[in-house]
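A short worksheet on the structure shown next.
Sequence lines set the chain letters: A, B, ... in the order given, protein chains first and strands last, and positions in each chain run from 1.
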Amino acid sequence: MLSRRFYQRPTVDVARDLLGKVLVRTSRGGLVAVRLTEVEAYLGPDDPACHTFGGLRTPRVDSMWGAAGHAYVYLVYGMHHCLNLVTVGRESGEAVLLRGGVPIVGTPLVRARRGVSVADSSLCDGPGKLCQALAVTRDDDGHDLCGRRSRIYLVDDGVEVLEADVRRGPRIGVDYAGEAARWPLRFRYRA
DNA sequence: TCTAGGATCGGCT
DNA sequence: GCCGATCCTAGAT
């Protein structure tokens with residue numbers, strides 16, 4: 001399990017290093033593990049695309065102001081959940097959005113949650129799909145990924161992600177953020 | 001209270 | 001490529 005130290009670093013570094021790491025989710029239904037292939041960095045109060053922009057403090061974003069290594073889960077478009085990992089430290093308001101991955105353990109359970117007719121390549125290729133595949137909801141908001149009994153955590157299984165396989169680009173769906181929408185804070189891993 | 005709009009997805013053309 | 005679903009959240013009134 002990755003320690004809190006991993007998250008207590010600059011958000012862009014954490015985002016880059018999350019590529020290739022394995023996200024593990026345990027539940028009554030069983031264990032699911034997903035190798036992360038797409039993430040986005042959100043840089044706190046000075047980032048117009050970030051939910052903590054301008055120092056915003058509301059019940060929804062409360063967990064984003066918490067300690068590094070905790071989950072921030074919110075609902076978008078009234079129907080999809082998005083999972084973020086808080087970075088840097090308490091009061092930073094920064095996080096990494098997990099946008100996609102590939103199931104490597106528990107694929108049958110993922111398929112049961114996502115739908116039997118869904119193509120393998122589409123099981124977790126989107127933030128909403130990832131949460132559905134892992135059964136992550138608002139109930140998991142504020143969950144500590146570094147605890148002894150964490151039901152969501154990260155593992156480094158030794159897979160090396162070469163720089164040549166990392167693509168950087170603008171973040172998705174944040175056109176309202178003006179110039180910040182073009183900041184190259186989206187990271188993708190193409191093995 | 002009321003209202004606008006969203007860090008998306010899947011079905012349809 | 002376009003569009004509707006769906007409802008919570010934040011800010012305005």
Side-chain angles (χ1 to χ4, degrees), chain A residues 7 10-19 21 23 25 32 34 36-66 68 70-88 92-103 110-143 145 152 154 166-189:
Chain A
Y7 306 94
T11 304
V12 168
D13 295 345
V14 176
R16 160 64 181 82
D17 292 343
L18 278 171
L19 296 178
K21 297 296 188 294
L23 177 66
R25 160 65 157 180
V32 170
V34 172
L36 296 175
T37 57
E38 184 179 349
V39 302
E40 284 176 357
Y42 285 84
L43 306 183
D46 298 324
D47 176 0
C50 187
H51 287 174
T52 55
F53 179 58
L56 185 72
R57 283 177 186 273
T58 59
R60 178 178 68 149
V61 301
D62 188 58
S63 58
M64 211 171 165
W65 291 105
H70 286 250
Y72 166 50
V73 182
Y74 67 93
L75 188 68
V76 271
Y77 300 113
M79 57 181 83
H80 301 295
H81 291 278
C82 291
L83 170 61
N84 303 252
L85 308 182
V86 179
T87 54
V88 186
S92 70
E94 300 189 35
V96 176
L97 168 67
L98 307 185
R99 288 191 58 89
V102 178
V110 168
R111 187 165 286 290
R113 288 167 173 162
R114 290 277 298 119
V116 289
S117 61
V118 175
D120 282 355
S121 60
S122 301
L123 287 172
C124 299
D125 64 336
K129 298 177 187 179
L130 184 64
C131 284
Q132 189 182 10
L134 300 183
V136 168
T137 68
R138 259 310 253 175
D139 291 342
D140 299 299
D141 183 54
H143 187 68
L145 279 76
I152 303 171
L154 282 166
V166 175
R167 304 294 151 91
R168 279 185 79 156
R171 291 173 292 185
I172 300 296
V174 294
D175 289 346
Y176 60 85
E179 184 198 341
R182 296 195 293 276
W183 295 351
L185 297 177
R186 179 186 186 207
F187 295 81
R188 277 177 298 168
Y189 169 40

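- For A:Met79 and A:Thr58, each mapped to the nucleotide of DNA chain C holding its nearest heavy atom, the one lying further toward the 5' end belongs to A:Met79.
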All N/O contacts under 3.5 Å from nucleotides 11-13 of chain B to the protein, with atom names and distances to one decimal?
none

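- Applying the side-chain contact (heavy atoms from CB on, under 4.5 Å) criterion to A:Ala71, with sequence neighbours excluded, gives A:Val73, A:Leu83, A:His143, A:Leu145.
- Stacking annotation: A:Tyr74 is not stacked on the base of B:dA7 (requires ring centroids less than 5.5 angstrom apart and an interplanar angle below 30 degrees).
- If you check every strand for non-hydrogen atoms under 4.0 Å, A:Arg60 touches sugar and phosphate atoms only.
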Evaluate side chain to side chain donor-acceptor pair (under 3.5 Å) for A:Arg114 paired with A:Gln132, printing each intermediate quantity in order. CA-CA 7 Å; A:Arg114 290 277 298 119; A:Gln132 189 182 10; 2.9 Å; yes

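- Across the protein-nucleic acid pair, A:Leu83 atom CG and B:dA7 atom C1' stand 12 Å apart, rounded to whole Å.
- Atoms OG1 and CE, on A:Thr52 and A:Met64 in that order, are 4.5 Å from each other to the nearest 0.5 Å.
- Atom CZ of A:Arg113 is separated from atom P of B:dG10 by 16 Å (rounded to the nearest Å).
- A:Arg57 comes within 4.0 angstrom of nothing in the nucleic acid, heavy atoms only.
- A pairwise comparison of heavy atoms in A:Arg57 and A:Val61 identifies CA-CG2, 4.2 Å as the closest pair.
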Could you pull out the protein-nucleic contacts involving nucleotides 2-6 of chain B (nitrogen or oxygen on both sides, under 3.5 Å)?
{"unit_1": "B:dG6", "atom_1": "N2", "unit_2": "A:Gly78", "atom_2": "N", "d": "3.4"}

Trace of the side chain to side chain contact (heavy atoms under 4.5 Å, CB included) decision for A:Leu98 with A:Leu36: CA-CA 8 Å; A:Leu98 307 185; A:Leu36 296 175; 4.1 Å; yes

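- Using a 4.0 Å cut-off on heavy atoms, the residues of residues 120-138 of chain A that approach DNA chain B are A:Gly126, A:Pro127, A:Gly128, A:Lys129, listed by number.
- For A:Trp65 (side chain) and A:Leu56 (main-chain N/O), a donor-acceptor pair under 3.5 Å exists by modelled atom type.
- Within the 3.5 Å criterion, the main-chain N or O of A:Thr87 finds a donor-acceptor partner in the side chain of A:Ser92.
- The phosphate of B:dT8 has OP1 or OP2 within less than 4.0 Å of a side-chain N or O from A:Arg99.
- Legend: residues meeting side-chain contact (heavy atoms from CB on, under 4.5 Å) with A:Leu75, ordered by chain and number and at least two apart, are A:His81.
- Looking at heavy-atom distances under 4.0 Å, A:Ala49 makes contact with a base.
- The existence of a salt bridge linking A:Asp140 and A:Arg25 is confirmed by a sub-4.0 Å separation between a basic side-chain nitrogen and an acidic carboxylate oxygen.
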Taking Watson-Crick (N1-N3 plus N6-O4 or O6-N4) and G-U wobble (N1-O2, O6-N3), each under 3.5 Å, can you produce the dot-bracket string of DNA chain B? Use [ ] for crossing pairs and | for inter-strand ones. ||||||.|||||.

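- In 5' to 3' order, the nucleotides of DNA chain C bounding all contacts with chain A (an atom under 4.0 Å from a heavy atom) are C:dA5 to C:dG11.
- A donor-acceptor contact shorter than 3.5 Å links the side chain of A:Arg168 to the backbone of A:Pro184.
- When each of A:Thr11, A:Leu97, A:Leu18 is checked for a side-chain contact (heavy atoms from CB on, under 4.5 Å) with A:Leu85, only A:Leu18 meets the rule.
- For residues 37-56 of chain A, the set of pairs meeting the salt bridge (charged side-chain N to carboxylate O under 4.0 Å, His left out) definition, not counting sequence neighbours, comprises A:Glu38-A:Arg99, A:Glu38-A:Arg186, A:Glu40-A:Arg99, A:Asp47-A:Arg171.
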Contacts table for residues 116-129 of chain A: side-chain donor-acceptor under 3.5 angstrom, sequence neighbours left out:
{"unit_1": "A:Asp120", "atom_1": "OD1", "unit_2": "A:Arg111", "atom_2": "NH2", "d": "2.4"}
{"unit_1": "A:Asp125", "atom_1": "OD1", "unit_2": "A:Lys129", "atom_2": "NZ", "d": "2.9"}

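- Residues passing the salt bridge (charged side-chain N to carboxylate O under 4.0 Å, His left out) test with A:Arg16, sequence neighbours excluded: A:Glu163.
- A:Tyr74 meets the ring-ring contact (aromatic ring centres under 6.0 Å, His included) test with A:His51, A:Tyr72; sequence neighbours excluded.
- Take A:Pro170 and apply the side-chain contact (heavy atoms from CB on, under 4.5 Å) test, not counting sequence neighbours, and it matches no residue.
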